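First the structure, then my questions, so here it is.
Order of the sequence lines fixes the chain letters, A, B, ..., with proteins taken first and strands second; residue numbering starts at 1 for each chain. Source: prediction; values computed, not measured.
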Protein chains: 4
Amino acid sequence: MQQEHRPLGRPRQDHKEKPTKNVILDVATRLFLEQGYQVVSMDDVAKKCGVTKATVYYYYKTKADLFTDAMVQMMIRIRKRIFDILSADKPLKDRLLEFAKAHLQATVDIDLKGFMKEAKTSLSKDQLQQMKEAEDKMYEVLEQALINAMEKGDIPQGHPKLGAHAFVSLLTVGNYKDSDQKPIFPSIDEMTEQIVDFYWNGLAK
Amino acid sequence: MQQEHRPLGRPRQDHKEKPTKNVILDVATRLFLEQGYQVVSMDDVAKKCGVTKATVYYYYKTKADLFTDAMVQMMIRIRKRIFDILSADKPLKDRLLEFAKAHLQATVDIDLKGFMKEAKTSLSKDQLQQMKEAEDKMYEVLEQALINAMEKGDIPQGHPKLGAHAFVSLLTVGNYKDSDQKPIFPSIDEMTEQIVDFYWNGLAK
Amino acid sequence: MQQEHRPLGRPRQDHKEKPTKNVILDVATRLFLEQGYQVVSMDDVAKKCGVTKATVYYYYKTKADLFTDAMVQMMIRIRKRIFDILSADKPLKDRLLEFAKAHLQATVDIDLKGFMKEAKTSLSKDQLQQMKEAEDKMYEVLEQALINAMEKGDIPQGHPKLGAHAFVSLLTVGNYKDSDQKPIFPSIDEMTEQIVDFYWNGLAK
Amino acid sequence: MQQEHRPLGRPRQDHKEKPTKNVILDVATRLFLEQGYQVVSMDDVAKKCGVTKATVYYYYKTKADLFTDAMVQMMIRIRKRIFDILSADKPLKDRLLEFAKAHLQATVDIDLKGFMKEAKTSLSKDQLQQMKEAEDKMYEVLEQALINAMEKGDIPQGHPKLGAHAFVSLLTVGNYKDSDQKPIFPSIDEMTEQIVDFYWNGLAK
DNA sequence: TATGAATGAGCGTTCATTCAT
DNA sequence: GATGAATGAACGCTCATTCAT
């Protein structure tokens, strides 16, 4: 709340841990992921940030804007992480295992498809487009890794786009809990391995 | 609003119209599937049925009740259809192909996972339980078919629950559209075949 | 408004002094006239009616709808009153005097022009059109009276539309109060007479 | 944002730009005239001026202050123009014609009455008083011209205050557009002449 | 069986205003 | 002088729900 040294110049508001806009974006991202677009109100976001609704509107013109920004930024971050994991100098299957593990460890499961449908009626054409593009780019990273593996002969030629989407969709199996709240596999490690195995070998061995 | 002739002793419904309750359930099912739980209002349902909101409330105590009933009944119907398809006397792969095709031809894609998350905050524990159980039973039909195939030696021993969920999750790939609104495969037939092939053989052949 | 005998059947809600919709329309009309479109909130209307905002919305889909209906109904009523006054079998000047007196005695002065401008940004094209048409019809009644008088030779030929608008605009002079809140004339009677005289004779006698 | 050369001692404003306060007042005047008090927001004014809302508040403590100042200054300017026109050495009717033409040519029609009512609830007593006084002074100029004409015998003795208000109110007829958006007269010239004629001669010749 | 009327609570959004810088 | 950040209060509107009829 007060500067000790170098008091002259344009220190703006230093000391501040994190700019408010970022706080809002982070909180919003978490809430939207956990509860979905419609259920989360701007007041919910504001309260969790310790600011008023009007402050949220100071940074984001509409709820749809906030949502779009939150989702797109998140997808960009995820894409980077996927890229890092898949760029490692290891056999493809090992990289996929790592990818799967990282994804399945995440506390919230990211149901992009569900978000897309929920928000379809509320977002502008442009906002939907932005989200779609960010989503596409996420898949492209995985697709490219598959293409590379095919070229190097590590896996047989095939439809890389199908391969990419198949992998991600298989991962969602990990989030399933039955009516007794029991997941399909007891531990994340076993789940990871079995899912990647299934992806690799298919049903018929 | 009143019958002029033949006024004595007959079923209430004029000429075999569907009973109101069924109309409401059908309309609600369609609306919920198309737009999601939160977006659909009780008024929307009522108007599409040509009745008033109060009438909807006469048959369903709350929106959550209506939603739960709609989803559970739908899952029961789907389960029957899956059962019929999988009971045929054909090789497993052919039956899976038929299952896949039936699913991918459906106009609305049934994003159960999305519905679950969206409704999580609005449904009672009991209602969530009902939905979960209906969902479980759907998977069990497929699971059982896989178990039978394993016992008969048509496919290698494996984790049938994983197999069941993997199949359904792979089917969702068929609904993907990229940012140019293009699906991964040009025709449903090709999509069906490629997805089932991938399920059968895995990535590494 | 109430049936004394034949108590069986569907007595609805009897006893009710005035249907809620009418109460809302009347209160809204008064408030809009007194304070203008923007200043009056739907909550203001509701509270003055002793109902909730939601009730107002039950009867009127939007504020603009309520406003338009209020203004149009009012103009229709005024038009009828003008018509009655101007239909009397008296010399034109006497009828104009009566018209002027009725107008100047009204507690609220009806600044249609101001309403039009204020609401221009908020009303739909169709709503503006409705208001304009109701306004036009009000003037037409007066215009027709002037046309008749010209045909009978009671006043010289002239531009009847100008005559009609001139008369109404002259009446607004009666509502003027200077910075000491003093009107131009001490009594309504004198005001009426002087204004009509001026209208009749002009400035130069 | 900063001057590179000749950085020493000069008037702040770069090349004689209009001082910010004047820009704000001018812009505000135009916006208020065009759209009314309630509809125009402080942000609207700020944006049109290329400054921030806070800057507007730096010069005007409240919106009501800005409005009052804008209106009063405008009325002072108008009063001067009226005074100039009416001071010419011409017959009264010619001067009135010129006055009318100037008024009717103005793109925005100045509905003082409407502004008064719209702002009534928002302005302080003192601010209303200021506006009233400025308005009174406008009328006084015209009133005085009529008094002079009466003294010189150009027009018969009469109520000069009524004459002044009658003239201004008659001018508003020129702004009327019917439901087909057609004004009463096809050209401003004809309108001017007919209105002044009516003012001069009255309805009955 | 079905409805018209009414409501409480909440939501997305706007806006005049303040204040530290 | 001028601004960026923040807010409190309201506003128009929606919606699930209730209840007397």
Side-chain angles (χ1 to χ4, degrees), chain A residues 1 3 9-14 16 19-21 38-46 50-66 122, chain B residues 1 12-13 19-21 38-46 51-66 122, chain C residues 9-14 16 19-21 38-46 50-64 66 122, chain D residues 1 12-13 19-21 38-46 50-66 122:
Chain A
M1 248 123 202
Q3 330 80 258
R10 36 88 286 247
R12 228 25 142 202
Q13 24 80 250
D14 222 308
K16 190 72 156 271
T20 307
K21 183 166 182 171
Q38 306 288 348
V39 169
V40 175
S41 78
M42 291 299 259
D43 233 359
D44 291 341
V45 175
V51 297
T52 60
K53 226 188 327 187
T55 303
V56 178
Y57 276 95
Y58 179 75
Y59 290 103
Y60 293 93
K61 244 172 63 99
T62 65
K63 186 185 176 187
D65 276 349
L66 174 56
S122 306
Chain B
M1 245 126 204
R12 294 89 150 175
Q13 305 312 128
T20 307
K21 182 163 182 171
Q38 305 288 346
V39 167
V40 175
S41 77
M42 291 298 260
D43 233 4
D44 291 341
V45 175
V51 298
T52 60
K53 230 185 332 186
T55 303
V56 178
Y57 273 95
Y58 178 78
Y59 289 105
Y60 293 94
K61 238 172 68 98
T62 67
K63 185 186 176 187
D65 278 345
L66 174 56
S122 308
Chain C
R10 31 91 287 243
R12 242 359 157 210
Q13 23 78 253
D14 224 310
K16 190 72 155 272
T20 307
K21 185 165 181 173
Q38 305 288 347
V39 169
V40 175
S41 78
M42 290 300 259
D43 236 359
D44 291 342
V45 175
V51 299
T52 60
K53 223 189 331 187
T55 302
V56 178
Y57 276 95
Y58 179 75
Y59 291 103
Y60 292 93
K61 243 172 66 99
T62 66
K63 187 185 175 187
L66 174 56
S122 306
Chain D
M1 247 124 201
R12 295 89 149 178
Q13 305 311 130
T20 307
K21 183 164 182 173
Q38 306 288 345
V39 168
V40 174
S41 77
M42 291 299 260
D43 234 5
D44 290 342
V45 175
V51 299
T52 60
K53 229 186 330 187
T55 305
V56 178
Y57 274 93
Y58 178 77
Y59 290 105
Y60 292 93
K61 241 172 65 101
T62 67
K63 185 186 177 187
D65 278 345
L66 174 57
S122 308

Check: DNA chain F: B:Tyr57 or A:Val51, which has the more 5' nearest nucleotide?
Finding: A:Val51

Check: Contact class for C:Thr55 vs. all strands (heavy atom < 4.0 Å): base, sugar-phosphate, or nothing?
Finding: base

Next item on the list: Look at A:Ser41 and E:dG10 and indicate whether a side-chain polar atom (N or O) is within less than 4.0 Å of OP1 or OP2.
Entry: no

Check: Do the side-chain N or O atoms of A:Tyr59 get closer than 4.0 angstrom to the phosphate oxygens (OP1, OP2) of F:dA6?
Finding: yes

Note to self: Is there a side-chain contact between A:Thr20 and the phosphate of F:dA5, meaning an N or O under 4.0 Å from OP1 or OP2?
What the structure shows: no

Notebook entry, point to check: D:Lys61 or A:Lys63: which one's nearest nucleotide on DNA chain E is closer to the 5' end?
Noted result: A:Lys63

Check: Once you round it to whole Å, what is the distance between P of F:dT7 and CE of D:Met42?
Finding: 21 Å

Next item on the list: Measure across B:Thr55 and B:Thr20 and return the closest heavy-atom pair with its distance rounded to 0.1 Å.
Entry: CG2-CG2, 4.2 Å

Margin query: In this structure, how many angstroms lie between the P atom of F:dA10 and the CD atom of C:Gln38, rounded?
Written below: 18 Å

Checklist line | Pi-cation contact, C:Tyr60 with C:Lys21 (under 6.0 Å, within 45°) | finding: yes

Notebook entry, point to check: Considering all heavy atoms of both residues, which atom of D:Thr52 and which atom of D:Ala46 are nearest to each other, and what is their separation?
Noted result: C-CB, 3.6 Å

Check: Given atom NZ of A:Lys53 and atom P of E:dT14, what is their separation to the nearest angstrom?
Finding: 12 Å

Note to self: Using side-chain heavy atoms (C-beta onward) and a distance below 4.5 Å, is A:Ser122 in contact with A:Gln38?
What the structure shows: yes

Notebook entry, point to check: If only side-chain N and O atoms of C:Tyr58 are considered, is one of them under 4.0 Å from the OP1 or OP2 phosphate oxygen of E:dA6?
Noted result: no

Check: How do D:Gly50 and B:Asp43 order along DNA chain F: which one's closest nucleotide is nearer the 5' end?
Finding: D:Gly50

Item checked: Identified pairing partner of F:dT18, criterion: Watson-Crick or G-U wobble below 3.5 Å -> E:dA5

Margin query: In this structure, how many angstroms lie between the P atom of E:dA6 and the OH atom of C:Tyr60, rounded?
Written below: 13 Å

Notebook entry, point to check: Base, sugar-phosphate, or nothing: which does B:Val39 touch, judged by heavy atoms less than 4.0 Å apart?
Noted result: nothing

Check: How do D:Val40 and A:Val40 order along DNA chain E: which one's closest nucleotide is nearer the 5' end?
Finding: A:Val40

Notebook entry, point to check: With respect to the side chain of B:Ala54, which nucleotide from E:dT7, E:dT3, E:dT14 is positioned closest?
Noted result: E:dT3

Check: Looking only at heavy atoms, which two atoms of B:Leu66 and B:Met42 are closest? And how far apart?
Finding: CD2-SD, 4.0 Å

